[in-house]
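Each remark here refers to the structure printed beneath this line.
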There are 2 protein chains.
Amino acid sequence: MARAGLTTETLIRAGAETADEIGFERTTPTELARRFGVRTASLYSHVRNAHDLKTGIALFALEELADRASEAVAGRAGKDALVAFANVYRDYALEHPGRFAATQFPLDAEAAASSAGVRHAQMSRAILRGYHLTEPHQTHAVRLLGSVFSGFVGLEAAGGFSHSAPDSQQSWTEILDALDALLRTWPTTS
Amino acid sequence: MARAGLTTETLIRAGAETADEIGFERTTPTELARRFGVRTASLYSHVRNAHDLKTGIALFALEELADRASEAVAGRAGKDALVAFANVYRDYALEHPGRFAATQFPLDAEAAASSAGVRHAQMSRAILRGYHLTEPHQTHAVRLLGSVFSGFVGLEAAGGFSHSAPDSQQSWTEILDALDALLRTWPTTS
DNA sequence: ACCGCTTGCCTAAGCATCTTAGGCAAGCTC
DNA sequence: GAGCTTGCCTAAGATGCTTAGGCAAGCGGT
């Protein structure tokens, strides 16, 4: 019998594609084995268990997303950078719903440390550099941006905006305008 | 053998408590059966299946959350109402992590229609009444509030803010200040 | 070209969970 | 107390996760 050529890497990439097709939730060892024409047990030389597989997909997606964001932000500043950065997140979620769901998979401390999370935080800070916020306000603003992006995209993916006018694209555009205005006049009174 | 007195209602309430204790993910028919000292199959007269059970818990949590929010907002206006409303969400998530996770369970169209989602949207609009936004800006602002609240609380629950200073409470307070300022000067140029 | 070793994928098996079908008796109604 | 409803049961099948151990594919060296 010819071998399938499984590796940890192959499995995780296939897992990312599978997640986009049928959902991250349903991306299981059994499903991947089916797709590779292989017995489920055969995966266990390459992945410790189902949880480990999902963690791997999550780390892969976080890395891929950070790559895209870093490319989009390069050479931009101010609102330009903010919008580009924000759109990377939203487009990624719309284009790769399964991978985006994976980025929200709860990571244990060890996995979180080795994740691209740090890169994401650094990029947020780089964008805010154009708005001249001092600490601790910059940190609060970073957290606001993260909340808005993950919140909007999450609600949009869950269909929260789908059955009402105006369409979500318009809200997205206006919300980015509003965030830009807010960052330029961030209230530092507290 | 004395009967356990199962009903759909009892199961959902117990499910909500179980979710807070061991996580929404692990709140399954088998686990509930264990807690009631009953065979798993016995639940199936009261709940169609595992998915149905989770949907029931989600609807219960959404209703409970709407009740709290509606009580908090009553008699308040402007920033006062905004802060009270926002804190209901955050406190609910911190106090009842499992139920909050349940509120994010993807509902099918039928369940969504019968959910308290409408009440949540109405309350958001009621709060924004104090900020005198016209349509379609009010809708965009409603969506921003939803995004920020669900995003912040979700990230906080996932531990996103836990390993860095300043603590998340400070960010939350300053973000609410910023949102208030933003709503008072919402850019309506686009 | 052959031999031996590594290792990739296999079979076999155990366990947990979800779900359906059909049965018995608890406990209400009369 | 008799009869009926129905709540919970046992039994059984399907599917998924995981471990243990085996066989042979296909690499390295000679």
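Scope of the values below: all heavy atoms of this structure, side chains included, with no hydrogens, waters or symmetry mates. Remember, predicted model here, so these are calculated numbers, not experimental data. In what follows, chains carry the letters A, B, and so on, assigned in the order in which the sequence lines appear, proteins first and then strands, with residues in each chain numbered from 1.
No donor-acceptor distance shorter than 3.5 angstrom exists from the side chain of B:Thr10 to the backbone of B:Leu6, with no hydrogens or angles considered. The backbone N or O of B:Asp180 lies less than 3.5 Å from no partner atom in the side chain of B:Asp177, so there is not a single donor-acceptor pair.
For DNA chain C, the residues of residues 37-44 of chain B within the heavy-atom distance limit of 4.0 Å (strictly under) are B:Thr40, B:Ala41, B:Tyr44, sorted by number. Of the residues in residues 23-35 of chain B, not one comes within less than 4.0 Å of DNA chain D through any heavy atom.
As rounded to whole Å, 20 Å separates atom P of D:dG16 from atom CG of A:Asp52. Going from atom NZ of B:Lys54 over to atom P of C:dT19 covers 11 Å, rounded to whole Å. In this structure, A:Leu11 atom CG and C:dG8 atom P are separated by 12 Å, rounded to whole Å. Distance A:Phe36 CZ to C:dC10 C1': 17 Å, rounded to the nearest Å. Atom NE2 in B:His46 sits about 17 Å away from atom P in C:dC18, given to the nearest Å.
Across C:dC9, D:dC8, C:dT19, the shortest atom-to-atom separation from the side chain of B:Asn49 is found for C:dT19.
Side-chain atoms of A:Arg34 and A:Thr40 include no donor-acceptor pair closer than 3.5 Å.
The ring-ring contact (aromatic ring centres under 6.0 Å, His included) analysis of residues 39-58 of chain A, with sequence neighbours excluded, yields the pairs A:His51-A:Phe105. Residue pairs meeting the side chain to side chain donor-acceptor pair (under 3.5 Å) criterion with at least one partner in residues 80-90 of chain B, sequence neighbours excluded, are B:Asn87-B:Trp172, B:Tyr89-B:His120, B:Arg90-B:Glu156, B:Arg90-B:Gln169.
In this structure the side chain of B:Val88 never reaches within 4.5 angstrom of the side chain of B:Val73, judged on heavy atoms.
Residues that satisfy the side-chain contact (heavy atoms from CB on, under 4.5 Å) test with B:Leu59, not counting sequence neighbours, are B:Thr55, B:Leu107, B:Ser114, B:Ser115. Residues that satisfy the ring-ring contact (aromatic ring centres under 6.0 Å, His included) test with B:His96, not counting sequence neighbours, are B:Tyr92.
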